[in-house]
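Atom set for the values below is all heavy atoms of this structure, side chains included, hydrogens, waters and symmetry mates excluded.
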Amino acid sequence: MNKEKNENVVGLLFVSPMLIGVSVLVLIPILATFVLSFSEWSFITPLSQLQWVGFDNFTRLFEDPVFLKSLLNNAIFILTVPICMIISLLLAITIDRNVYLKGFFKVAFFMPYISSVVAIAVVWQVLFHPSAGPINQVLMSLGIDSPPKWIADPNFALFSIMLIQVWVSIGFNMIIFLAGLQNIPKDLYEAADIDGANAWVKFRHITVPMISPTSFFLFITGIISTFKVFDLVAVLTKGGPMHSTSMIVWNLYETAFVNLKIGPASAMAVVLFVIVFAITIIQWIGQKKWVNY
């Protein structure tokens with residue numbers, strides 16, 4: 001009995017650094033966020049001045065046009081996930097079967113994903129320059145006299161950020177899809193060839209069902225990542241112009257660390273948590289109908 005107790009103590013000592021780290025850096029901040037979402041407080045005031053306001057922060061939040069705009073932008077931004085998955089799957093199928101120098105193309109497409117987001121944002125900022133940018137220069141050479149101003153135009157700014165997000169994410173999705181494609185038994189395709197199935201039939205009835213677990217993983221992680229978009233917005237637009245690219249995380253950052261309103265910012269974090277959790281649960285329930293394990 002003493003020996004088992006000693007082993008438990010030794011085990012706890014080994015895992016204690018991780019437990020302490022997770023508690024201090026993750027669990028305590030999460031609990032503090034939920035508590036502060038029902039209060040009014042500022043970083044620059046003593047903790048003794050914290051005031052409980054109940055659900056007032058949440059009520060004011062859904063009356064705030066900037067937050068509602070951020071929520072809508074996040075909802076639109078989710079469209080980058082299926083677009084990126086479709087492009088990545090097509091690239092993965094092409095590279096897996098019909099392309100030489102597969103290693104080169106894997107690295108080439110994966111490089112944006114592992115590159116610095118700040119560097120990527122600066123490059124695209126040059127590309128999207130309203131007058132001197134290469135994109136508008138090409139459009140003007142094709143006869144378009146007034147091309148879009150891209151990130152400087154409220155009507156095109158969000159689309160521009162979405163375009164960059166798709167470009168950055170394609171490489172990661174493609175690599176995961178390639179791994180899924182290589183795990184499909186070749187016997188299934190050989191049997192389909194014997195039965196006279198064409199490429200579309202094999203793609204629809206073999207490829208898509210067999211990579212559905214991979215698609216499910218990328219779909220969940222992709223949607224979660226769209227709700228965490230911050231760095232592209234921070235470098236390129238800072239939520240502008242006219243809040244057209246403001247996301248929930250950017251709005252949360254401005255509210256907490258610029259305006260020093262911790263209560264409303266914590267309420268935003270709670271709303272974000274509830275939205276992501278609800279979407280994940282819905283996907284987890286729905287995956288039973290279309291994911292084949």
Note to self: If we ignore hydrogens and angles and just use 3.5 Å, is the side chain of Asn73 paired with the main-chain N or O of Gly239 as donor and acceptor?
What the structure shows: no

Note to self: For the aromatic rings, using the six-membered ring if either is Trp, is the centroid distance between Phe38 and Phe58 under 6.0 Å?
What the structure shows: yes

Next item on the list: Please examine the side chains of Val271 and Phe67, heavy atoms only from C-beta on, and report whether any two atoms are closer than 4.5 Å.
Entry: yes

Notebook entry, point to check: Taking the side chain as C-beta and beyond, is there a heavy-atom pair between Val166 and Ile170 under 4.5 Å?
Noted result: yes

Check: Is any side-chain heavy atom of Gln283 closer than 4.5 Å to a side-chain heavy atom of Phe216?
Finding: yes

Checklist line | Heavy-atom donor-acceptor pair, Asn136 side chain to Ala132 backbone, under 3.5 Å | finding: no

Next item on the list: Could you tell me whether the side chain of Ser88 and the main chain of Met85 form a donor-acceptor pair under 3.5 Å?
Entry: no

Item checked: Asn198 side chain reached by Phe203 side chain, heavy atoms, under 4.5 Å -> no

Check: So, Asn251 side chain and Ser70 main chain: donor-acceptor pair closer than 3.5 Å or not?
Finding: no

Note to self: To the closest 0.5 Å, what do you measure between CD1 (Ile95) and CG (Leu178)?
What the structure shows: 6.0 Å

Checklist line | Asp153 side chain vs Asn155 backbone, donor-acceptor pair below 3.5 Å | finding: yes

Next item on the list: Indicate, with yes or no, if Val118 and Phe230 share a hydrophobic cluster defined by side-chain heavy-atom contacts under 4.5 Å among Ile, Leu, Val, Met, Phe, Trp and Tyr.
Entry: no

Next item on the list: Could you state whether Met111 and Phe109 fall into the same hydrophobic cluster, counting links through intermediate Ile, Leu, Val, Met, Phe, Trp or Tyr residues with side-chain heavy atoms under 4.5 angstrom apart?
Entry: yes

Check: So do the side chains of Ile30 and Phe273 get within less than 4.5 Å of each other, counting heavy atoms only?
Finding: no

Next item on the list: Report whether Leu236 and Val126 are members of the same hydrophobic cluster (ILVMFWY, side-chain heavy atoms less than 4.5 Å apart, transitive linking).
Entry: no

Notebook entry, point to check: Does any non-hydrogen side-chain atom of Val229 lie less than 4.5 Å from one of Val249?
Noted result: no

Margin query: Any non-hydrogen side-chain atom of Met247 less than 4.5 Å from a side-chain atom of Thr226?
Written below: no

Item checked: Gln137 side-chain N/O to Ser131 backbone N/O, donor-acceptor pair under 3.5 Å -> yes

Checklist line | Stepwise side-chain contact (heavy atoms from CB on, under 4.5 Å) check, Phe172 with Leu218 | finding: CA-CA 9 Å; Phe172 174 78; Leu218 291 174; 3.8 Å; yes

Note to self: Determine whether a donor-acceptor pair (N or O, by modelled atom type, separation under 3.5 Å) exists between the side chain of Trp250 and the backbone of Lys238.
What the structure shows: yes

Notebook entry, point to check: Is any side-chain heavy atom of Trp124 less than 4.5 Å from a side-chain heavy atom of Leu232?
Noted result: no

